[in-house]
Amino acid sequence: MLDIKILKENIEEITLNLKNKNYDFNNSEFLKLDSERKKFILQSEDLKNKKNVLSKEIGIIKSKGGSATAQKKEVEDINQQLLKFDALLLEAEKKFSNFMLDIPNVLDVKVPIGNSEEDNKVLTYSNNENLSENNSTDTIDHSEVGKILKLFDQETASKMSGARFNILYGEFAELHRAIGSFMIDTHIKEHGYKEVNVPLIVNNESLIGTGQLPKFKSDLFELKNKENFFLIPTSEVPLTNIFRNKILEENDLPIKFTSLSTCFRSEAGSYGKDTKGLIRQHQFDKVELVKFAIPSKSCEELENLVNDAERILDLLELPYRKVLLCSGDTGFSSSITYDLEVWLPSQNRYREISSCSNFKDFQSRRLNIKYKDKSSKKKTFVHTLNGSGLAVGRTLAAIIENYQDNNGNIEIPKVLRSYMRDVEIIKKS
RNA sequence: GGAGAGGUGGCUGAGUGGUCGAAAGCGGCACCCUGCUAAGGUGUUAUACGGGUAACUGUAUCGAGGGUUCGAAUCCCUCUCUCUCCGCCA
């Protein structure tokens, strides 16, 4: 959520900024809803004040043994009026807050202007080479290899569950588990994150806080037999909500959490896209990195966070590129986002494997997460950041494709071997 | 799932119908005092949203929502969470 005062003071500038995010900010509607709300607040508060004064008077009269019937009558009249005004106020507040919750975060000045994916700015290629220019691809698609090796079974998964699920057997299941363990170990041992095990089901307050609701409900799985239960689309949601309604100490910041969790996404609106393999599943595992930082340090913290995610790709020796998302491609809650895209030779293209964002105070305002600023002594909203470090299923796919030899055998990346019985290669049996 | 006990400010904890946004203590902050890191004294110390250049002032908030009442932290109802006991269970 945006700061209402800041929004009012910079309304032209913010309107332009949001336009770059393809959001049409209706500022006359905003001003109308705001003034309407204020009008009712004023009227309602005025009546309440009168009521409070009279009630106090009645108390004093009663304590002296009087009866105060005239005052009682007057308060009753006020109550009648209040009934009307409070209904109007409630309506106006609701409209206003729905309007506010719908507004995306303002973009950072560093974000390049653009409409879609094509306008994203590629910053670096690992090993300084753009592999999509080579155009020599005899790599077999990871799901095909999986089928040949009999370690990957989409048909059976679809029988028991439906589309966008998979079953991994044997070495693939092991490798999948090894990847997750390796990633989270690296973050806790080498990058200073604290591991957290989180609930996979959260309530809608949590999802409003991080920005998935109310706007993106269709992307979520909601449980049917219990009100207000949603499967998490990412552990960003529980991790960030840990400090909902909390005041943190400046000395404790930055706080760095990481979690390996299963994530659930409905993938509504992506029918027919990536139907084969591990790229787009209803259920997938992901290692998430979440940070709480003081505002003046959050930009720096984002750079570090991206480095932490990149480090995993470096250690796995997977080719990738780093991309700064353009304005139109930057997510609803984010102010600035870097994507890491791993090389998938079978598709001859780079695919997103991590997305790292600075949300600044957008989430913390919704969630009411503050810290006590040492110099000003004021309670100030913290900045929240997060990124994938990395998506486990997509990493598995990338390994299967990038570590494949001409016979369709798959070498295990060196750093993972100790996590899976020192197996060096997966061969057809 | 059954039975009971609870949810009060940063924390502990009083408060059962009127001047209670809420005692007291702890913690925090400011100042004073004291010749050594201790102790003491005084004051101050919630959040959000309005109005006002400002001093200041209004409204709301005692788990959430409803109700009773002129008036609710306090009484009633529903929900929720925590704790204890029983049952079931990985």
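Keep in mind that the numbers below use all heavy atoms, side chains included, and drop hydrogens, waters and symmetry copies. Quick caveat: nothing in here was measured; it's all calculated off a predicted structure. Proteins get letters first, then strands, A, B, ... in listed order; numbering begins at 1 in each.
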Rounded off to whole Å, could you give me the [atom1]-to-[atom2] distance for the [X] and [N] pair?
X: A/I369; N: B/U47; atom1: CD1; atom2: P; answer: 17 Å
X: A/D77; N: B/U69; atom1: CG; atom2: C1'; answer: 16 Å
X: A/I61; N: B/G71; atom1: CD1; atom2: C1'; answer: 13 Å
X: A/K370; N: B/G10; atom1: NZ; atom2: C1'; answer: 14 Å
X: A/K246; N: B/U47; atom1: NZ; atom2: C1'; answer: 15 Å
X: A/F85; N: B/U59; atom1: CZ; atom2: P; answer: 17 Å
X: A/E57; N: B/U69; atom1: CD; atom2: P; answer: 21 Å
X: A/K72; N: B/G18; atom1: NZ; atom2: P; answer: 14 Å

With rounding to whole Å, what would you report as the distance between [N] and [M] at their [atom1] atoms?
N: B/C20; M: B/C86; atom1: C1'; value: 41 Å
N: B/G25; M: B/G40; atom1: P; value: 13 Å
N: B/G17; M: B/U69; atom1: C1'; value: 9 Å
N: B/G87; M: B/A23; atom1: C1'; value: 44 Å
N: B/G18; M: B/A72; atom1: C1'; value: 10 Å
N: B/U53; M: B/A38; atom1: C1'; value: 48 Å
N: B/G21; M: B/G58; atom1: C1'; value: 14 Å
N: B/A64; M: B/C81; atom1: C1'; value: 10 Å

In the strands shown, is [N] matched to any nucleotide by a Watson-Crick or G-U wobble pair with both distances under 3.5 Å, and which?
N: B/G6; value: B/C81
N: B/U69; value: none
N: B/U74; value: none
N: B/C31; value: B/G41
N: B/U53; value: none
N: B/A90; value: none
N: B/U61; value: B/A46

Using a 4.0 Å heavy-atom cut-off across all strands, classify [X] as base, sugar-phosphate, or nothing.
X: A/K379; value: sugar-phosphate
X: A/R365; value: nothing
X: A/L54; value: nothing
X: A/D46; value: nothing
X: A/Q71; value: nothing

Result for ring-ring contact (aromatic ring centres under 6.0 Å, His included) between A/F243 and one of A/Y371, A/F257, A/F381 points to A/F257
Is any side-chain N or O of [X] closer than 4.0 Å to OP1 or OP2 of [N]?
X: A/N79; N: B/G71; answer: yes
X: A/N49; N: B/U59; answer: yes
X: A/R37; N: B/C49; answer: no

From the list A/D361, A/D373, A/I247, side chain to side chain contact (heavy atoms under 4.5 Å, CB included) with A/T380 holds only for A/D373
Walking RNA chain B from its 5' end, the first of A/K50 and A/G59 to be reached, judged by nearest nucleotide, is A/G59
Assign each of A/V53 and A/V75 the nucleotide of RNA chain B bearing its closest heavy atom; nearer the 5' end lies the nucleotide of A/V53
A/F362 side chain near A/L2 side chain, heavy-atom distance below 4.5 Å = yes
Self-check item: A/D102 and A/Y23, any side-chain heavy atoms less than 4.5 Å apart
Solution: yes
Q. For the rings on A/F96 and A/F40, is their centre-to-centre separation under 6.0 Å?
A. no
Residue [X], side-chain heavy atoms: nucleotide from [options] that is nearest:
X: A/N52; options: B/G50, B/A60, B/G58; value: B/A60
X: A/K56; options: B/G18, B/C49, B/U19; value: B/U19
X: A/S55; options: B/G58, B/C70, B/U19; value: B/C70
X: A/K51; options: B/G18, B/G58, B/G71; value: B/G71

Ring-plane angle category for A/F221 and A/H282, please: parallel below 30°, perpendicular beyond 60°, tilted otherwise.
perpendicular
*Mind running side chain to side chain contact (heavy atoms under 4.5 Å, CB included) on A/V75 and A/Q71 for me, showing each step along the way?*
CA-CA 6 Å; A/V75 177; A/Q71 285 87 341; 5.5 Å; no
One should read off an interatomic distance between A/E288 CD and A/L260 CG, to the nearest 0.5 angstrom, of 11.0 Å
Open item on the list: Any N or O donor-acceptor pair under 3.5 Å from the base of B/G58 to the side chain of A/E45?
Closed with: yes
